[in-house]
Amino acid sequence: MSKSAQFRALLDSPDLEFILEAHDGLSAKIVEEAGFKGIWGSGLAISASLGVRVNNEASWTQVLDVVEFMSDATGIPIMLDADTGYGNFNNVRRLVAKLEQRGVAAMCIEDKLFPKTNSFIGGETQPLADVEEFSLKIRAAKDSQTDSSFSVVARVEAFIAGWGLDEALLRAHAYREAGADAILMHSKESGPDQITAFMREWNGAGPVVVVPTMYPATPPEHFEDIGVSLVIWANHMLRASITAMQSTAQRIHETRSLMSVEGEIATVAEIFRLQDAAELKDAEARYLPRSLNPGT
Ligand code: SPV
Ligand code: MG
């Protein structure tokens with residue numbers, strides 16, 4: 001199955017599925033090795049790993065380069081968090097073409113304005129996109145894809161921006177009607193009540209994706225019970241690496257020695273394994289003339 005077909009199957013399967021954030025080739029590979037069936041190419045995590053803010057400070061082609069490394073490094077599908085689509089319908093059409101070329105299975109776009117602002121920073125003051133304009137953007141994305149399995153997920157920011165259930169439902173139905181393969185309903189409340197209320201009224205009108213960053217204590221069974229299709233663990237590889245890197249940097253700096261961390265961090269051999277250095281060694285034995293390959 002192609003990566004895009006694999007991702008579509010995650011959305012359409014009756015089972016609750018999970019994908020985890022990655023932000024570069026290495027983290028993507030680690031997510032795959034852990035057993036996940038898909039990867040969230042998080043805008044927050046990719047921008048943070050590049051040392052910039054999430055407000056579209058990294059250009060869309062710079063993000064594309066990162067997601068290409070992620071795609072090359074893995075065999076499971078990636079959904080790119082494409083923020084607001086980096087422009088209007090026309091920018092989105094070109095984005096879809098480029099994502100397809102790079103083997104990215106899906107993209108998620110959100111109904112806010114370019115340049116984007118993070119949903120967890122002062123959300124109430126964030127203007128939403130016009131419903132018709134955003135619906136047509138989804139339509140343009142769906143019309144422009146050449147791989148019929150490429151998925152477009154429409155993210156509704158109504159709850160984030162302080163609107164209620166009616167606005168969330170109106171937008172979700174409009175985007176589904178426009179061709180979205182799934183709806184991502186976002187919430188920043190500390191419990192799942194907004195999502196639960198939405199799911200009741202939505203009544204199975206299409207696959208729903210959620211991002212429980214702010215309601216992490218919700219048991220997975222609850223998402224199953226209310227009919228969610230896909231859960232995104234949106235930033236946990238980045239956060240884990242920040243904690244590990246801060247601690248390692250501090251300890252090496254304070255002790256002026258590597259012995260404070262040696263034995264607790266990945267070995268150099270583990271780096272080589274993750275890079276599949278063994279494959280290159282095999283290839284050298286086959287393709288390098290013996291005179292240039294003294295190791296054989
Ligand atoms: C991201 O991971 O970049 C997201 C999810 O968009 S959130 O940060 O929850 O808005
Ligand atoms: Mg994002």
Side-chain angles (χ1 to χ4, degrees), residues 18-24 27-28 31 36 38-60 62-64 66-67 70 77-87 91-92 95 99 104-129 134 137 151-163 168 171 175 180 182-192 194-195 198 208-218 223 228 230-242:
F18 302 88
I19 63 175
L20 178 61
E21 167 262 318
H23 48 272
D24 56 18
S27 55
V31 168
F36 281 91
I39 295 167
W40 170 242
S42 159
L44 177 64
I46 291 172
S47 59
S49 72
L50 294 172
V52 295
R53 288 170 289 223
V54 74
N55 310 58
N56 296 121
E57 291 182 346
S59 73
W60 76 276
Q62 288 173 322
V63 173
L64 198 63
V66 173
V67 83
M70 292 167 61
I78 299 172
M79 171 158 64
L80 177 68
D81 169 11
D83 299 340
T84 59
Y86 314 117
N91 304 93
V92 160
L95 174 65
L99 292 177
V104 178
M107 71 168 189
C108 177
I109 53 174
E110 64 199 53
D111 57 354
K112 289 208 302 232
L113 306 180
F114 181 92
K116 88 151 260 134
T117 32
N118 186 266
S119 302
F120 303 138
I121 302 176
E124 282 78 6
T125 60
Q126 297 179 11
L128 296 182
F134 193 73
K137 197 185 257 191
S151 293
V152 176
V153 174
R155 166 165 155 184
V156 178
E157 289 278 292
F159 288 142
I160 297 291
W163 297 82
R171 286 176 176 265
Y175 304 159
I183 298 299
L184 190 162
M185 186 53 62
H186 208 1
S187 172
K188 60 178 179 182
E189 285 192 347
S190 57
Q194 280 183 327
I195 300 296
F198 170 78
V208 173
V209 182
V210 299
V211 184
T213 304
M214 292 299 171
Y215 43 103
T218 309
F223 296 124
V228 166
L230 182 67
V231 169
I232 298 176
W233 308 127
N235 46 45
H236 303 79
M237 294 294 278
L238 177 78
R239 287 161 62 188
S241 70
I242 289 172

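Remember, it's 1-based here, ligands and their atoms both numbered in the order they're listed.
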Keeping [X] on the side-chain end and [Y] on the backbone end, is there a donor-acceptor pair under 3.5 Å?
X      : Y      : value
Asp81  : Gly43  : yes
Gln126 : Ala161 : no
Lys137 : Gly87  : yes
Asn55  : Pro115 : no

In Å, rounded to the nearest 0.5 Å, how long is the span from CZ of Phe120 to OG1 of Thr213?
->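 Separation between the atoms: 4.5 Å.
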
Who passes salt bridge (Lys or Arg N to Asp or Glu O under 4.0 Å) against Lys116, sequence neighbours left out?
->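 Scan of Lys116 (salt bridge (Lys or Arg N to Asp or Glu O under 4.0 Å), adjacent residues dropped) gives Glu110.
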
Select all protein residues for which some heavy-atom-to-ligand 1 distance is less than 4.0 Å, and list them by chain and number.
->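 Under the 4.0 Å cut-off, ligand 1 touches Trp40, Ser42, Gly43, Leu44, Asp81, Asn118, Ser119, Phe120, Arg155, His186, Val211, Ala234.
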
Pairwise salt bridge (charged side-chain N to carboxylate O under 4.0 Å, His left out) hits with a residue in residues 48-57, at least two apart =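 Non-adjacent pairs meeting salt bridge (charged side-chain N to carboxylate O under 4.0 Å, His left out): Arg53-Glu57.
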
Is the closest side-chain donor-acceptor distance between Ser187 and Gln194 under 3.5 Å?
->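 Yes, Gln194 and Ser187 have a side-chain donor paired with an acceptor closer than 3.5 Å.
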
Anything protein N, O or S sitting under 2.8 Å from the Mg ion (ligand 2): count it and give me the total.
->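 Counting protein N, O and S atoms closer than 2.8 Å to the Mg ion (ligand 2) gives 1.
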
Does Trp60 CH2 have over 12 foreign heavy atoms under 6.0 Å away?
->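 Yes, enclosed.
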
